[in-house]
Structure formats: structure tokens, C-alpha cells
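Structure record follows, encoded as C-alpha cells.
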Amino acid sequence: MKVGIASDHAGFELKEKLKAAIAELGYMLVDFGTNSEASVDYPDYAHALAKSVDNQDVNLGIALCGTGNGMAMALNKHQHIRAGLAWEVEVASLIRRHNNANVCVLPARFVSEEEAKNIVKAYLTTNFEGGRHQSRIDKIPVSC
Ligand code: RB5
């Protein structure tokens with residue numbers, strides 16, 4: 001199982017801390033940057049991660065920015081990306097169980113390191129429930 005991870009400058013420090021925790025859980029990791037706290041534009045990193053999930057180079061993604069919202073907005077512009085914002089463990093589990101989120105987005109400025117590690121663990125170790133949730137996901141794409 002390969003996990004892609006990306007952040008802007010606001011999420012950089014937490015991204016670095018999460019990388020070790022994700023590796024400890026036994027996942028292979030691909031880091032799409034950013035690589036410092038220098039100011040960058042979150043869409044550049046969101047799009048790189050989204051493309052990698054989309055073409056199945058990685059199975060799942062983790063994204064971080066200050067509030068999580070910019071990353072989520074950019075990621076969800078990609079047709080096959082379902083990026084869910086997770087600020088606590090139960091939400092992290094639900095974005096997998098109910099929404100089959102293929103990217104988990106964390107608000108780096110609003111979660112502690114410990115919370116973030118628990119959120120990522122819950123997200124990566126939970127499975128999609130399918131059934132009625134699949135029918136709902138099927139209605140998400142807009143064709144008009
Ligand atoms: C960067 O200051 C901040 O705007 C960004 O990380 C994010 O929160 C945007 O949604």
C-alpha cells in the first residue's frame with residue numbers, strides 16, 4: 001500500500017512528523033512536497049498529489065494546509081478525487097467508511113501532532129462500507 005503526502009508551508013512541519021508515523025504503520029510513502037516553511041501555493045501540491053492518486057501511482061493521499069480547506073478545494077476539482085477534511089478521529093474514520101475518501105485532508109494549524117497521528121491512523125486503517133454509501137458517491141459527479 002502506497003500513500004502520497006503533500007502540504008503547503010503551513011502544513012510542512014506536521015507533514016514531516018506524520019511521515020515517520022505513516023512509515024511505522026507499514027506504508028510506503030511518496031512525498032510531493034513542499035520541502036520547507038517558505039511560502040508556497042497549496043494548489044501546486046494538491047494537483048501533484050491528485051494526479052498521482054488518479055493514475056494509481058499511490059493508493060491513498062494525505063494533504064495538509066493551514067485550515068485544510070484550500071487543499072480540499074483544489075483536490076476535489078479532480079474528477080476522481082474524493083478529499084475529505086478530517087479534524088478528529090471519528091471524522092477520519094467516517095470519510096473512509098461513508099465517503100470512500102481517497103485523500104484525507106488535515107487542518108495543520110488546528111490539530112496537535114498527537115491528534116494528527118491518530119487521525120491519519122484511523123483514516124488509513126478503516127475500510128469503505130459500500131452499499132448505500134456507494135449509491136450516494138455515484139451521484140456526486142456533475143455532468144451539466
Ligand atoms: C496559508 O497561510 C493558508 O492560507 C493555507 O495554508 C490554507 O489554510 C488555505 O486554505
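Quantities reported herein were computed from a predicted structural model and do not represent experimental measurements. For ligands, and for the atoms within them, numbers begin at 1 and follow the listed sequence.
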When only distance counts, is Asp8 in polar contact with ligand 1, meaning an N/O pair under 3.5 Å?
yes

Do you know the tightest heavy-atom contact between Ile137 and Asn99?
CD1-O, 3.3 Å

Atoms of ligand 1, numbered as shown, that sit under 4.0 Å from any heavy atom of Arg109:
1 (C), 2 (O), 3 (C)

Checking the side chain of Asp44 only, and the main-chain atoms of His47 only, is there a donor and an acceptor separated by less than 3.5 Å?
no

What's the shortest distance from atom 9 (C) of ligand 1 to any protein heavy atom, and which residue and atom give it?
Tyr42 CE2, 3.6 Å

Heavy-atom nearest neighbour of atom 8 (O) of ligand 1 within options Asn69, Val40, Thr67, Leu64
Thr67

For atom CD of Glu88, decide whether the heavy atoms of other residues, nucleotides or ligands shown that lie under 6.0 angstrom number more than 12.
yes

Under 4.0 Å from a heavy atom of Ala10: which atoms of ligand 1 are those, numbered in the order shown and with their elements?
6 (O)

What atoms of ligand 1 come closer than 4.0 angstrom to any heavy atom of Cys65?
6 (O), 7 (C), 8 (O), 9 (C), 10 (O)

Is it the case that over 12 heavy atoms from other parts of the model lie below 6.0 angstrom from the CD atom of Glu16?
yes

Does the side-chain contact (heavy atoms from CB on, under 4.5 Å) test come out yes or no for Ile62 and Val103, once each step is laid out?
CA-CA 6 Å; Ile62 305 290; Val103 183; over 6 Å; no

Can you tell whether the side chains of Asp31 and Lys19 come within less than 4.0 Å, N to carboxylate O?
yes

How far is atom 10 (O) of ligand 1 from its nearest protein heavy atom, and which residue and atom name does that atom have?
Gly70 N, 2.9 Å

Does His9 come within less than 4.0 Å of ligand 1, judged by its heavy atoms?
yes

Ligand-side contact atoms (ligand 1) for residue partner Gly66, heavy atom cut-off under 4.0 Å:
5 (C), 6 (O), 7 (C), 8 (O)

Are any non-hydrogen side-chain atoms of Ile119 and Leu106 less than 4.5 angstrom apart?
yes

Protein non-hydrogen atom found under 4.0 Å from atom 4 (O) of ligand 1:
no

